[in-house]
Amino acid sequence: MSGDNNFFKIQIIEEIKNLCFIYPSKCNLILNFLANNLRDEESYQFKVNTINAIILIINEIPNSADNAILQLCEYIEDCEYNSLLLRVIRFLLLHIPKTKNPSNYIRYIYNRLILENETIRVDGLYSLFYIATKCTDNSKDILIKIKYLLNYNDDEVRDRANFLNFMLSENIKKLENIQSKVVNKDDSSTCGIHNRDISMDPNENTLLDELQTVEQPEYIDNLLYHITNHIENNIETFFDYTNVAYEMMNNQNINKDGSVCHSKRKSSISDFTGTLNKSNSMSKIIELATDYNYTEKTSIFTNMYNMGQLKLITKSVALTEAEAEYNVFVKKYIYQNNFMVLEFNINNTLNEQILTNINLQISSYNKVWTILEKTSIHNLYYNSPQNLYILLKKNVPFLNDEEVDDITSQNQEQIYNADNQQEESPYNVNQTFQAALQFMTKEHEEGEDDGFIDTYSINPITIQITDFIYPKMLRSNEFGHMWENMASLNSEVVSKFVLSFENIQLAVVGLLNTLNMMACNSTDIIQPEVNNHNMLLSGKFLNESYILCKASLVLSQQYGCLLKICCRSKCKKLSEVVLKSLE
């Protein structure tokens with residue numbers, strides 16, 4: 001087909017696909033022909049039509065599934081289009097568990113974890129995890145493959161790998177417990193039970209199955225809300241998706257009839273501004289998602305200091321250029337009792353050098369945070385990233401709930417103005433550290449090479465108030481109810497700013513990123529070519545108390561992009577510090 005034009009080739013593919021349904025006994029021969037054409041250098045549209053034909057054949061002729069899935073697995077080994085590669089991987093994860101020998105195809109997905117970019121790696125991780133939940137015979141082998149990315153450079157890939165590694169490890173333990181109970185029974189009816197007959201999930205993965213469909217459920221926002229509530233209030237039990245889906249479907253039908261479905265809300269103001277009453281369950285899920293390397297390396301800190309529970313983990317920030325000799329990323333782990341652990345991921349990109357005795361020197365003129373402890377790295381080899389940690393403590397602690405209540409019950413304006421004159425404020429966290437790596441450089445680990453001492457400067461490390469804010473999703477129309485309840489706290493602060501954005505769309509994205517908050521009631525959706533826009537923003541300070549903002553953006557020809565923003569929180573001091581982050 002190499003000499004024919006593109007339109008004619010696509011027509012041939014369509015006709016050959018139809019032949020497969022007329023003569024199903026010839027489907028393997030037709031599939032081989034289609035697969036051979038995938039290996040040729042053809043247009044994107046031709047490849048799309050060929051993939052569509054193979055997928056349709058798999059769905060309509062089940063007997064051809066094993067051969068067709070093998071053809072698709074071989075295609076992703078050398079696929080030049082990322083969009084097609086993602087589509088095939090997402091199709092394979094649903095159908096590989098249905099084959100007779102899933103282990104024959106898992107290696108093709110695993111290869112994507114090694115050879116592709118970060119987007120493909122993340123999809124490959126989810127695919128392996130999904131296959132492991134369906135094919136428990138292969139779960140231990142897949143767990144070993146996921147561990148390959150536990151120390152990967154990219155933040156998104158590493159975090160997902162650690163989370164999926166933990167989830168799969170826990171599922172394997174539960175499966176082994178079930179199997180041990182079955183083995184201990186002498187009842188003959190238990191004979192012949194196979195791993196694949198035992199489900200890891202009491203809901204039979206119905207949630208995963210539905211989310212893997214082409215179209216997302218119409219009630220996806222409500223689903224996310226129920227998941228968030230479950231994490232906060234009942235993390236120790238499984239999420240019962242079946243009952244939640246039934247409830248959401250009923251609510252959706254009621255809303256179509258014209259009536260309004262109200263959710264049950266607590267009337268107490270402290271429910272919206274105080275700490276979580278359910279034993280800090282959000283902190284538990286954060287701790288569960290934390291990788292084992294971190295827990296092991298920082299155990300010396302937790303044994304020496306009363307750090308409290310882990311509240312927040314920030315995203316990784318690059319402190320060097322991507323092309324630098326040494327790549328350094330920093331991530332902040334924020335604890336309850338005014339402690340913070342800085343995790344530095346360091347990678348040596350020079351294959352002719354070995355770094356030994358690596359330390360990170362940081363210094364600052366400000367005295368908001370005190371450096372308590374440091375760790376070091378003994379040896380750092382080529383392309384084998386490792387982590388080192390620095391423990392900080394805030395000199396002036398945050399206000400606790402009792403102190404906030406005392407301020408609220410008194411004349412807050414007077415106390416606020418008096419404290420505002422003090423240099424040390426309880427919500428002042430801003431500090432910038434100058435940083436540099438210090439290490440010994442060697443060409444050989446052993447022998448006569450004594451090496452030489454070297455230093456490598458990296459970008460400054462900045463701590464700011466938005467590091468302590470967790471973007472919080474609110475249910476539809478819940479923002480207004482909470483905003484009114486927080487009025488009695490007398491914590492409102494209003495500020496105006498001139499922003500350096502060319503249009504409203506960029507201003508909305510910039511505002512969300514700067515404040516690290518989440519838009520409510522779909523106020524992050526902007527109509528094209530508008531000159532003004534209103535936003536509702538929500539977040540949680542230290543994952544405990546709410547911070548709400550109302551923002552108005554106006555694009556002026558004379559002054560540029562103007563912002564008026566009103567903030568409410570548990571304390572007026574906190575509201576002002578949040579808005580100062582926009583300066």
Side-chain angles (χ1 to χ4, degrees), residues 107 110-118 120-122 124-125 128 141 143-166 290-301 313 315-333 341-362 373-391 435-459 461:
R107 68 180 180 90
Y110 172 65
N111 288 343
R112 309 282 65 76
L113 305 185
I114 306 173
L115 304 174
E116 303 293 346
N117 58 41
E118 283 72 17
I120 307 299
R121 288 175 194 254
V122 168
L125 278 171
L128 288 178
D141 295 333
L143 181 64
I144 295 174
K145 293 174 171 56
I146 291 178
K147 289 181 182 294
Y148 172 80
L149 295 178
L150 291 183
N151 290 318
Y152 188 69
N153 287 338
D154 184 75
D155 177 43
E156 299 293 334
V157 175
R158 185 174 64 254
D159 286 352
R160 283 166 172 76
N162 280 286
F163 180 71
L164 296 178
N165 173 68
F166 173 82
T290 307
D291 59 86
Y292 299 120
N293 290 333
Y294 172 82
T295 305
E296 180 182 356
K297 294 289 181 63
T298 60
S299 59
I300 185 174
F301 298 161
I313 304 175
K315 294 182 179 180
S316 285
V317 177
L319 300 178
T320 57
E321 300 293 334
E323 301 80 11
E325 297 92 335
Y326 313 111
N327 294 330
V328 183
F329 295 84
V330 64
K331 183 190 291 187
K332 306 179 184 82
Y333 293 78
V341 175
L342 301 179
E343 177 188 74
F344 297 89
N345 182 267
I346 305 171
N347 185 31
N348 175 21
T349 64
L350 302 178
N351 56 6
E352 68 275 6
Q353 288 186 356
I354 299 173
L355 307 185
T356 62
N357 299 326
I358 302 102
N359 290 280
L360 189 67
Q361 304 298 327
I362 64 173
E373 303 289 343
K374 293 182 182 180
T375 66
S376 60
I377 299 174
H378 183 60
N379 289 322
L380 187 63
Y381 300 96
Y382 165 70
N383 206 25
S384 299
Q386 294 192 50
N387 298 330
L388 63 79
Y389 302 91
I390 295 179
L391 177 63
L437 290 175
Q438 188 176 49
F439 48 84
M440 182 78 71
T441 302
K442 294 182 179 181
E443 293 184 0
H444 304 284
E445 185 176 2
E446 299 178 355
E448 299 179 356
D449 185 11
D450 295 330
F452 59 92
I453 297 176
D454 197 4
T455 59
Y456 186 81
S457 297
I458 60 179
N459 292 340
I461 305 151

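The residues of the chain are indexed from 1 along the displayed sequence.
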Distance, nearest 0.5 Å, that separates [atom1] of [X] from [atom2] of [Y]:
{"X": "Lys374", "Y": "Ile390", "atom1": "NZ", "atom2": "CD1", "result": "5.0 Å"}
{"X": "Phe163", "Y": "Asp159", "atom1": "CZ", "atom2": "CG", "result": "11.0 Å"}
{"X": "Asn387", "Y": "Asn347", "atom1": "CG", "atom2": "CG", "result": "10.5 Å"}
{"X": "Asn348", "Y": "Asn383", "atom1": "CG", "atom2": "CG", "result": "8.5 Å"}
{"X": "Asn327", "Y": "Glu321", "atom1": "CG", "atom2": "CD", "result": "10.0 Å"}
{"X": "Tyr389", "Y": "Ile377", "atom1": "OH", "atom2": "CD1", "result": "9.0 Å"}

**For Lys315, all residues meeting side chain to side chain contact (heavy atoms under 4.5 Å, CB included), sequence neighbours excluded** =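 Partners of Lys315 by the side chain to side chain contact (heavy atoms under 4.5 Å, CB included) criterion, ordered by chain and then number, come out as Asp155.
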**Message:** Test of understanding: with side chain to side chain contact (heavy atoms under 4.5 Å, CB included), list the residues that count as partners of Thr356, not counting sequence neighbours.
**Reply:**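 Residues passing side chain to side chain contact (heavy atoms under 4.5 Å, CB included) with Thr356: Ile354, Asn379, Met440, Lys442.
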**Prompt:** Hey, mind stepping through His378 and Asn357 against side-chain contact (heavy atoms from CB on, under 4.5 Å) and telling me if it holds?
**Reply:** CA-CA 5 Å; His378 183 60; Asn357 299 326; 4.0 Å; yes
**Prompt:** Counting distance only, does the side-chain N/O of Thr349 pair as donor-acceptor with the main-chain N or O of Ala324 below 3.5 Å?
**Reply:**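 Yes; at least one donor-acceptor contact below 3.5 Å.
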**Message:** With a 3.5 Å distance limit and no angle check, can you tell me whether Asn162 reaches the backbone of Leu150 through a side-chain donor-acceptor pair?
**Reply:**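 Yes, Asn162 side chain to Leu150 backbone: donor-acceptor pair under 3.5 Å.
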**Message:** I'd like to know whether Ile461 forms a side-chain contact (heavy atoms from CB on, under 4.5 Å) with Ile362, so could you lay out the CA-CA distance, the side-chain angles of the two residues, the decisive distance to 0.1 Å, and finally the verdict.
**Reply:** CA-CA 9 Å; Ile461 305 151; Ile362 64 173; 4.0 Å; yes
Does any non-hydrogen side-chain atom of [Y] lie less than 4.5 Å from one of [X]?
{"X": "Leu437", "Y": "Phe344", "answer": "no"}
{"X": "Leu350", "Y": "Tyr382", "answer": "no"}
{"X": "Asn459", "Y": "Thr320", "answer": "no"}
{"X": "Glu343", "Y": "Ser316", "answer": "no"}
{"X": "Asn345", "Y": "Val328", "answer": "no"}
{"X": "Gln386", "Y": "Ile346", "answer": "no"}
{"X": "Ile313", "Y": "Lys331", "answer": "yes"}

**Request:** Quick one: do Lys147 and Asn165 satisfy side-chain hydrogen bond (donor to acceptor under 3.5 Å, both in side chains)? Show the steps, please.
**Result:** CA-CA 7 Å; Lys147 289 181 182 294; Asn165 173 68; 3.3 Å; yes
**Prompt:** Taking only residues two or more places apart in sequence or in another chain, which ones pass side chain to side chain donor-acceptor pair (under 3.5 Å) with Asn111?
**Reply:**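 For Asn111 the side chain to side chain donor-acceptor pair (under 3.5 Å) partners, ignoring immediate neighbours, are Glu77.
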**Request:** Sequence neighbours left out, what passes salt bridge (Lys or Arg N to Asp or Glu O under 4.0 Å) with Arg160? Give chain and number order.
**Result:**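 Arg160 satisfies salt bridge (Lys or Arg N to Asp or Glu O under 4.0 Å) with Glu156 only.
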**Message:** Among residues at least two apart in sequence or on other chains, which ones pass salt bridge (Lys or Arg N to Asp or Glu O under 4.0 Å) with Lys145?
**Reply:**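 Counting only residues at least two positions away or on another chain, Lys145 forms no salt bridge (Lys or Arg N to Asp or Glu O under 4.0 Å).
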**Request:** Decide if atom CD1 of Ile300 counts as having more than 12 heavy atoms of other residues, nucleotides or ligands within a radius under 6.0 Å.
**Result:**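 Incorrect, the count does not exceed 12.
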**Message:** Suppose we screen for ring pair (Phe, Tyr, Trp, His ring centres under 6.0 Å). Which residues come up paired with Tyr326, at least two apart in sequence or across chains?
**Reply:**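 By the ring pair (Phe, Tyr, Trp, His ring centres under 6.0 Å) rule, Tyr326 matches Phe439, Tyr456.
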